[in-house]
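Report on the structure given below.
In the text below, chain A, chain B and the rest are named by the order of the sequence lines, each starting its count at 1.
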Protein chains: 2
Amino acid sequence: MATPSALDRTLAALADPTRRGVVDRLRQRPHPAGELAAAFDMSPPAMSRHLRVLRQTGLVEERIDAEDARVRVYSLRPEPFAALRGWLEEVESFWSGQLGAFKAHAERTRGPKGRRS
Amino acid sequence: MATPSALDRTLAALADPTRRGVVDRLRQRPHPAGELAAAFDMSPPAMSRHLRVLRQTGLVEERIDAEDARVRVYSLRPEPFAALRGWLEEVESFWSGQLGAFKAHAERTRGPKGRRS
DNA sequence: AGACTCGTTAACGTCAGGGTGAATGATTAA
DNA sequence: TTAATCATTCACCCTGACGTTAACGAGTCT
């Protein structure tokens, strides 16, 4: 794949436990980069790279702190999450919408012919 | 992290383009393993490992074909997708639910200095 | 029984991803 | 100006994930 889709990059970004932890933490409030590094017991360079990945997929954005221009404050951006949810709902339409899918689900929950362990 | 959360494993599974492609393909109908390997121009062992990852996260399930017991038919399972959507909606509540978050979004879309009315 | 097919596991090579410490750039404080 | 701080990029190591071929187990067919 020469250029992975935006969805691929979003999922790859969120697959890392540290980055997903950062997202969860940013749900509370925006955080400075250093604060995030400390919170995850990680060197500043390591966190900086994670933040770059999140930034490049548009999941977070960086802003310069108003009171101290050395500090970079990170916060969440909605667009990639919405795109991911769009794909997810498309996949889930496999069940909610279709008759054959419902039958497949019924078969699965009750066992195709004989039940297996 | 000793044991990554189910959500981490789901996201990691979906982050791979091949595996996400498999999921997209299974939306149409269940497929035998060999058919999937051929569809993605990949050796059977490689596809087998992808399917194992998807199986271990509960994203797909394997069944023995009724007419030929050598064939393993794979189909989608709803639970992990629902869990992922649950987390996603939680994250998205960052915007839809909160006052401070709304303010943050407003600031972001129209500039930090707030050149409003 | 023996030959053939489907799919898996085993063994191995390769490469990207994530970690560290050192160096750099920008800003603030003395 | 000089020193200290925040965060980045740079250079490097190292584990883990993905791909291959070969070998194996299970099932079908003649």
Side-chain angles (χ1 to χ4, degrees), chain A residues 1-5 8-23 25-26 30-57 59-75 112-114 116-117, chain B residues 1-4 8-23 25-26 30-57 59-75:
Chain A
M1 79 203 133
T3 300
S5 76
D8 280 328
R9 289 187 297 113
T10 299
L11 284 164
L14 293 175
D16 182 272
T18 298
R19 289 194 290 264
R20 227 202 57 209
V22 168
V23 167
R25 189 165 268 257
L26 291 184
H31 284 265
E35 213 170 288
L36 291 170
F40 288 87
D41 192 34
M42 179 176 292
S43 68
M47 178 55 71
S48 183
R49 292 193 50 185
H50 282 302
L51 291 171
R52 176 167 57 176
V53 171
L54 290 169
R55 216 185 317 135
Q56 285 172 342
T57 66
L59 285 161
V60 306
E61 77 173 356
E62 172 192 281
R63 237 182 318 170
I64 307 290
D65 186 278
E67 303 175 355
D68 185 344
R70 292 172 301 180
V71 175
R72 320 281 184 96
V73 179
Y74 282 88
S75 54
K113 290 227 162 153
R116 36 211 260 266
S117 59
Chain B
M1 115 216 62
T3 301
D8 281 328
R9 289 187 298 111
T10 299
L11 284 163
L14 293 176
D16 183 271
T18 299
R19 288 194 291 264
R20 230 200 55 215
V22 167
V23 167
R25 189 166 267 257
L26 292 184
H31 284 264
E35 215 170 285
L36 291 169
F40 288 87
D41 194 32
M42 178 175 294
S43 67
M47 179 54 72
S48 182
R49 295 192 54 193
H50 282 302
L51 291 171
R52 176 166 58 176
V53 171
L54 290 170
R55 218 184 316 136
Q56 285 172 342
T57 66
L59 284 161
V60 306
E61 77 172 356
E62 173 192 281
R63 237 184 315 170
I64 307 290
D65 186 279
E67 302 175 357
D68 186 343
R70 293 171 300 180
V71 175
R72 322 279 183 99
V73 179
Y74 284 87
S75 53

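- Within residues 39-48 of chain B, the residues that have a heavy atom under 4.0 Å from DNA chain C are, in order of number, Pro44(B), Pro45(B), Ser48(B).
- Evaluation of the salt bridge (Lys or Arg N to Asp or Glu O under 4.0 Å) rule for Arg49(B) yields no partner, not counting sequence neighbours.
- Distance CZ (Arg55(A)) to P (dT9(D)): 6 Å, rounded to an integer number of Å.
- Among the heavy atoms of the strands lying under 4.0 Å from Glu62(A) are primed sugar atoms or P, OP1, OP2 only; no base atom is included.
- Each salt bridge (charged side-chain N to carboxylate O under 4.0 Å, His left out) pair with one or both residues in residues 32-44 of chain A, not counting sequence neighbours, appears once here: Arg29(A)-Glu35(A).
- No donor-acceptor pair under 3.5 Å is formed between the side chain of Arg63(B) and the backbone N or O of Ser75(B).
- Counting heavy atoms from C-beta outward, Ile64(B) and Arg72(B) have side chains that approach closer than 4.5 Å.
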Pairs under 3.5 Å (N/O, protein and nucleotides 14-17 of chain C):
none

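- Residue Arg52(A) places no side-chain N or O under 4.0 Å from the OP1 or OP2 atom of dA7(D).
- Considering only residues two or more places apart in sequence or on other chains, Ala38(B) meets the side-chain contact (heavy atoms from CB on, under 4.5 Å) condition with none of them.
- Taking 4.0 angstrom as the limit, His50(B) places a side-chain polar atom (N or O) nearer than this to OP1 or OP2 of dG19(D).
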Sequence neighbours excluded and cut-off under 3.5 Å, please list the side-chain donor-acceptor pairs for residues 14-23 of chain A, or say none.
residue	atom	partner	partner atom	Å
Asp16(A)	OD1	Thr18(A)	N	2.8
Asp16(A)	OD1	Arg19(A)	N	3.1
Arg19(A)	NE	Ala13(A)	O	2.7
Arg19(A)	NH1	His50(A)	ND1	3.1
Arg19(A)	NH2	Ala12(A)	O	3.2
Arg20(A)	NH1	Ser5(B)	OG	3.3
Arg20(A)	NH1	Asp8(B)	OD1	2.8

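- Under the rule for a side-chain contact (heavy atoms from CB on, under 4.5 Å), the partners of Asp68(A) that lie at least two apart in sequence or sit in another chain are Asp65(A), Arg70(A), Val71(A).
- Annotation: side-chain hydrogen bond (donor to acceptor under 3.5 Å, both in side chains) contacts of Arg52(A) (sequence neighbours excluded): none.
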So which protein N/O to nucleotides 26-30 of chain D N/O distances come out below 3.5 Å?
residue	atom	partner	partner atom	Å
dG27(D)	N2	Arg70(B)	NH1	3.3
dT28(D)	OP1	Ala69(B)	N	3.3

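- Arg25(B) is linked by a side-chain contact (heavy atoms from CB on, under 4.5 Å) to His31(B), Leu36(B), Ala39(B), Phe40(B), counting only residues two or more places apart in sequence or in another chain.
- Glu62(B) contributes atom CD, which lies 12.0 Å from atom CG of Leu54(B) (distance to the nearest 0.5 angstrom).
- Asp65(B) places its CG atom 9 Å from the P atom of dG7(C), with the value rounded to the nearest Å.
- Remark: Ala33(A) engages Leu51(A), Tyr74(A) in a side-chain contact (heavy atoms from CB on, under 4.5 Å) (not counting sequence neighbours).
- One finds a side-chain N or O of Tyr74(B) lying less than 4.0 angstrom from the OP1 or OP2 phosphate oxygen of dT8(C).
- When rounded to the nearest whole Å, the span between CG of Leu36(A) and P of dA7(D) equals 9 Å.
- What separates CD of Glu35(A) from P of dT8(D) is a distance of 14 Å, to the nearest Å.
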